[in-house]
Amino acid sequence: MVDVKDFLRDYAKNEGLFKNKKALQSNYTPSNVPYRDEQIGQVASILAPSLRMERPSNLFLYGKTGTGKTLVIGHVLENILEVAKEEGLNLKTVYLNCKLKRVADTEYRLIAQIARELGQDIPATGLPTDEVYKLFVKCLEKEKILLLLVLDEIDEVVKNTGDKILYNLTRINSELKESEISIIGISNDLMFIDQVDPRVKSSLGEEEIVFPPYNAIQLQKILRERAELSFESKIIGEGVIEKCAAYAAKEHGDARRALELLRVAGELAERNNSEQILVKYIDNAEEKIERDRVVDIVSTQPKQFKITLFSIIQVSDEYAKKNESGDFYTGDIYEVYKNNCLSTGTKPLTQRRVGDIIAELDMSGIINARVISKGRYGRTRRISLAVPENIVKKIDLMLREGLGL
DNA sequence: CGAGATTCATGTGAAGTATACCTTTAGGCTTAA
DNA sequence: AAGCCTAAAGGTATACTTCACATGAATCTCGTA
């Protein structure tokens, strides 16, 4: 039997591999953003008028995940805020990720959340939406403010609820007498702006900046820079940086992923009492990241979604056991779903709703569900799990426990 | 044999309902002058 | 009379249901070669 106290004493005594883990965490803003000088310059010059208390143009940033959009905006805003503080300007920034479920995924919730960030108390439901707008406006008019509003992953809200929000937001300036507001939209979807109302498009996209993906060489440089902050140089094994960069370059140059790989690899090395981060830990890190991501998505899912997902796993498992062709459809899932509701004592939803839930699970990337026509045999969704076998087992257990099955 | 009609299972949109929560309003009670 | 509390009335957002119509290719039908 291992003495826990001994282990903990040991742990405390050892320094661990990390010198400073923060530099590899996703919310870290480095003082130096490599390969984005051009974009930083553009953003800065577009937003600079705010320091004369003039409203900057609305701004739109495009680029795949991990191309530094959020980072660049954060970096520039941080600097602007510092200068504004020196100058005593009443400049405020609000950053909001529109993808967050149950926080900012409808018009009401989005506006309410912005107002909350500004210190206005808004109930979760009950108010008319235009009342929330009024509160928001009132909150801005309390004193002369220039608000820079960053809406990250803005395409998500528009996909779900239409572009009315954007129209209202761009219009809000005309209602403001004292204060002004600039909107900075961030989107991963390059096609996004073509889908919105032309009026919104012209006012929102006054300025546009595209962020190209990083290539493998650039990723390596970025990794080295951060690694230097996080580790002593000899801790990183041969070829580790290169491999991280290569992995991430495959995924459309996602720097966030590259950094996460390195961090998790470091944590795994540490846990294994290794003196060095070796290439093999990166493979493990890859898997762990994916597992954590999926576990995180599944665990924050509402109950009905969990039951639905559990049913999908069950059906998929059945087919695998029988060794039949693995195709299954909405109807199959619904039958199993109803049984699962019965055994968990939950009131089953209608098939209409479960169909929507399946579509949403597809959106979250945990399953694949494509609408197909089976000709004579109708039209439905062909469903499959989008997660590797070992992770499926894990979420299966998780769900069983969570649902009491 | 092939063009067009048929068919199936469920996708999908619109409208309605239940629930939980909000503000307003009116009445009743208390309090202080 | 003014102030405060409470409960009812009237309103909303959201998640879900109900209803009704839309879909799209495999299959069927039937006229033609």
Side-chain angles (χ1 to χ4, degrees), chain A residues 96 98-139 156-169 172 195 197 297-298 300-312 315-316 318-319 324-342 344-364 366-384 386 403:
Chain A
L96 205 57
C98 307
K99 203 178 174 179
L100 294 174
K101 275 221 164 180
R102 274 146 246 283
V103 175
D105 56 350
T106 69
E107 180 172 19
Y108 181 97
R109 300 213 257 236
L110 180 63
I111 305 301
Q113 191 59 32
I114 299 169
R116 273 186 214 121
E117 299 273 334
L118 293 171
Q120 176 73 242
D121 204 21
I122 305 229
T125 169
L127 294 189
T129 305
D130 44 336
E131 192 61 31
V132 179
Y133 271 103
K134 275 184 205 146
L135 282 171
F136 176 43
V137 168
K138 207 173 91 192
C139 180
E156 292 290 330
V157 209
V158 175
K159 256 179 228 154
N160 288 332
T161 60
D163 52 13
K164 200 174 134 208
I165 308 170
L166 297 184
Y167 180 70
N168 287 336
L169 271 177
I172 222 166
Q195 295 160 23
D197 188 303
I297 293 174
V298 172
T300 57
Q301 222 61 238
K303 191 172 181 190
Q304 293 288 2
F305 285 58
K306 284 183 179 169
I307 299 177
T308 309
L309 180 59
F310 181 68
S311 308
I312 294 171
V315 173
S316 154
E318 249 167 60
Y319 273 96
E324 282 174 21
S325 74
D327 280 357
F328 47 94
Y329 310 95
T330 306
D332 308 332
I333 301 301
Y334 189 66
E335 289 309 309
V336 176
Y337 162 84
K338 272 195 296 192
N339 281 332
N340 283 330
C341 280
L342 213 65
T344 52
T346 318
K347 198 176 154 225
L349 302 177
T350 51
Q351 182 159 352
R352 175 74 184 80
R353 179 63 184 146
V354 173
D356 282 349
I357 290 178
I358 290 174
E360 285 189 53
L361 286 172
D362 176 48
M363 288 287 288
S364 74
I366 236 155
I367 64 172
N368 294 316
R370 250 191 66 222
V371 179
I372 55 153
S373 175
K374 290 190 293 167
R376 186 65 208 278
Y377 305 105
R379 216 168 104 86
T380 179
R381 285 193 170 90
R382 178 194 286 142
I383 301 162
S384 61
L403 299 169

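Just so it is clear: chains get the letters A, B, ... in the order the sequence lines come, proteins before strands, and each one is counted from 1.
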Output yes when at least one side-chain N/O atom of Thr350(A) is less than 4.0 Å from OP1 or OP2 of dT18(C), else no.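 No, because none of the side-chain N or O atoms of Thr350(A) sits under 4.0 Å from OP1 or OP2 of dT18(C).
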Please round to the nearest 0.5 Å and tell me the distance separating atom NZ of Lys134(A) and atom CD1 of Ile111(A).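 One finds 14.5 Å between NZ of Lys134(A) and CD1 of Ile111(A).
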Using only heavy-atom distances, decide whether a donor-acceptor pair under 3.5 angstrom links the side-chain of Arg376(A) to the base of dG24(C).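 No such pair is found, so the answer is no.
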Using the test side-chain contact (heavy atoms from CB on, under 4.5 Å), find all partners of Asn339(A) that sit at least two apart in sequence or belong to another chain.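 Residues passing side-chain contact (heavy atoms from CB on, under 4.5 Å) with Asn339(A): none at all.
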Tyr329(A) OH to dG24(C) P, straight-line distance once rounded to whole Å: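 The answer, rounded to whole Å, is 17 Å.
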Compare side-chain N and O positions of Arg379(A) against OP1 and OP2 of dT23(C) and report whether any pair is under 4.0 Å apart.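 So the side-chain polar atoms of Arg379(A) never come under 4.0 Å of the phosphate oxygens OP1 or OP2 of dT23(C).
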Can you measure Tyr377(A) atom OH to dG24(C) atom P for me and round it to whole angstrom units?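 Whole-Å distance recorded here is 20 Å.
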Give one of base, sugar-phosphate or nothing for Arg370(A), where a contact means two heavy atoms less than 4.0 Å apart.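 Result for Arg370(A) = nothing.
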Considering only side-chain heavy atoms of Leu349(A), which listed nucleotide, dC16(C), dA20(B), dT12(B), is closest?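 Selected nucleotide (nearest to the side chain): dC16(C).
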Below the 4.0 Å mark, does dA13(C) have OP1 or OP2 next to a side-chain nitrogen or oxygen of Thr106(A)?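 So the side chain of Thr106(A) is outside the cut-off, no N or O lying under 4.0 Å from OP1 or OP2 of dA13(C).
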In whole Å, what is the span from the CZ atom of Arg353(A) to the C1' atom of dC19(C)?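 Between C1' of dC19(C) and CZ of Arg353(A): 17 Å.
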Among dA26(C), dA25(C), dC16(C), the nucleotide that comes nearest once only the side chain of Gln304(A) is considered: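 For Gln304(A), the side-chain atoms sit closest to dC16(C).
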Distance flag, aromatic centroids of Tyr337(A) and Tyr334(A), threshold under 6.0 Å: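 Yes - the distance between ring centres of Tyr334(A) and Tyr337(A) falls below the 6.0 Å cut-off.
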Please check: side-chain N/O of Thr344(A) versus main-chain N/O of Asn340(A), any donor-acceptor pairing under 3.5 Å?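 Yes.
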Considering every strand and a 4.0 Å limit on heavy-atom distances, what is the contact class for Pro348(A): base, sugar-phosphate, or nothing?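 The answer is sugar-phosphate, as Pro348(A) gets under 4.0 Å only of primed atoms, P, OP1 or OP2.
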Under 4.0 Å between a side-chain N/O of Thr330(A) and OP1 or OP2 of dG11(B), yes or no?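 So the side-chain polar atoms of Thr330(A) do come within 4.0 Å of the phosphate oxygens OP1 or OP2 of dG11(B), strictly under.
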Closest nucleotide among dT14(C), dA26(C), dT18(C) to the Arg352(A) side chain: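 The answer is dT18(C), which lies nearest to the side chain.
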Nearest to the Thr125(A) side chain among dA25(C), dA20(B), dC16(C), which nucleotide is it?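 Among dA25(C), dA20(B), dC16(C), the one nearest the side chain of Thr125(A) is dA20(B).
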Between atom CG in Asp356(A) and atom P in dT18(C), what is the gap in whole Å?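 My rounded result for the distance is 14 Å.
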Just how far, in rounded Å, is P of dA9(B) from CZ of Arg382(A)?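 To the nearest whole Å, that distance equals 17 Å.
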Write down the distance between CD1 (Ile357(A)) and C1' (dT14(C)), rounded to a whole number of angstrom.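 Those two atoms, CD1 and C1', are 14 Å apart.
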How many Å lie between CD on Gln351(A) and C1' on dA9(B), as a whole number?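 Computing the Gln351(A):CD to dA9(B):C1' distance gives 8 Å.
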Give a yes or no answer on whether the side chain of Glu335(A) reaches the backbone of Gly331(A) with a donor-acceptor pair at less than 3.5 Å.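 Answer holds: no.
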Rounded to whole angstroms, how far apart are CZ on Arg109(A) and C1' on dA15(C)?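 For the pair Arg109(A) CZ and dA15(C) C1', the rounded distance is 10 Å.
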